[in-house]
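Would you mind keeping the following structure in view while I ask a few things?
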Amino acid sequence: MVTIVRDRVTAHGVSLPLPLVHRVGKGREMSKFDPPRSELMFRLWVSVLGLLMLAGAVTYRGWPSGLAMFEVIVIAGGFFGGTLIWTLRKLRKHKDTDRP
């Protein structure tokens, strides 16, 4: 049987605290499922590195044409650029949860 009392959940004799929802400035709430700051920083640097490698490849090999342009610029650039923008937005409103 599972019971929830105030801020704890008890199941089969084991009592655990309920996850907290972090409140971050201007009334915005962060979900308990948001990634920690360390993962966001990892995503940020992978996105920057991916965009730099994409720019380096275009500089070295030249501007692609035809379907290669769609694949290289739209898909790869959109993925790394979109991840970079998403990560920056999350970092802007993220409360540091890695530190105790």
Side-chain angles (χ1 to χ4, degrees):
M1 183 169 137
V2 176
T3 59
I4 299 175
V5 178
R6 295 176 58 142
D7 62 345
R8 299 194 70 77
V9 71
T10 305
H12 303 289
V14 178
S15 180
L16 299 171
L18 285 172
L20 298 176
V21 174
H22 304 287
R23 186 168 276 290
V24 180
K26 296 184 182 176
R28 289 182 284 185
E29 292 185 0
M30 284 185 46
S31 166
K32 63 182 177 182
F33 302 111
D34 280 346
R37 185 174 175 80
S38 58
E39 184 176 337
L40 290 173
M41 291 304 292
F42 174 75
R43 290 180 185 186
L44 175 75
W45 289 113
V46 167
S47 299
V48 168
L49 183 63
L51 287 172
L52 288 174
M53 290 175 63
L54 180 62
V58 168
T59 301
Y60 180 73
R61 301 286 293 175
W63 194 258
S65 61
L67 287 178
M69 184 179 81
F70 176 77
E71 181 182 353
V72 171
I73 304 302
V74 175
I75 294 177
F79 174 76
F80 288 118
T83 303
L84 179 69
I85 291 169
W86 179 86
T87 303
L88 287 172
R89 289 182 64 200
K90 285 285 186 183
L91 279 171
R92 237 182 68 209
K93 68 176 190 171
H94 195 275
K95 182 178 180 181
D96 194 1
T97 58
D98 286 348
R99 296 184 183 150

Let me confirm one number: the CZ-OG1 distance from R43 to T83, rounded to the nearest 0.5 Å.
8.0 Å
Over all heavy atoms of both residues, which pair between V72 and P64 is shortest? Give the atoms and the distance, please.
CB-CG, 4.3 Å
If Ile, Leu, Val, Met, Phe, Trp and Tyr residues are connected whenever their side-chain heavy atoms lie under 4.5 Å apart, and connections chain through other members, are L84 and W86 in the same group?
yes
Indicate yes or no: at least one non-hydrogen side-chain atom of M69 is less than 4.5 angstrom from one of V74.
no
Any chain of hydrophobic side-chain contacts (each under 4.5 Å) joining M41 to L52?
yes
With rounding to the nearest 0.5 angstrom, report the CD1 to CG distance, I75 to L54.
12.0 Å
Distance from L44 atom CG to R37 atom CZ, nearest 0.5 Å?
9.5 Å
Check for me, please, whether F80 and L91 land in the same ILVMFWY cluster - side-chain distances under 4.5 Å, paths through other members count.
yes
With side chains defined as the heavy atoms from C-beta onward, is the minimum distance between W63 and I73 less than 4.5 Å?
yes
Starting from V48, can I reach L40 by hopping between I/L/V/M/F/W/Y residues whose side chains sit under 4.5 Å apart?
yes
If Ile, Leu, Val, Met, Phe, Trp and Tyr residues are connected whenever their side-chain heavy atoms lie under 4.5 Å apart, and connections chain through other members, are W45 and F79 in the same group?
yes
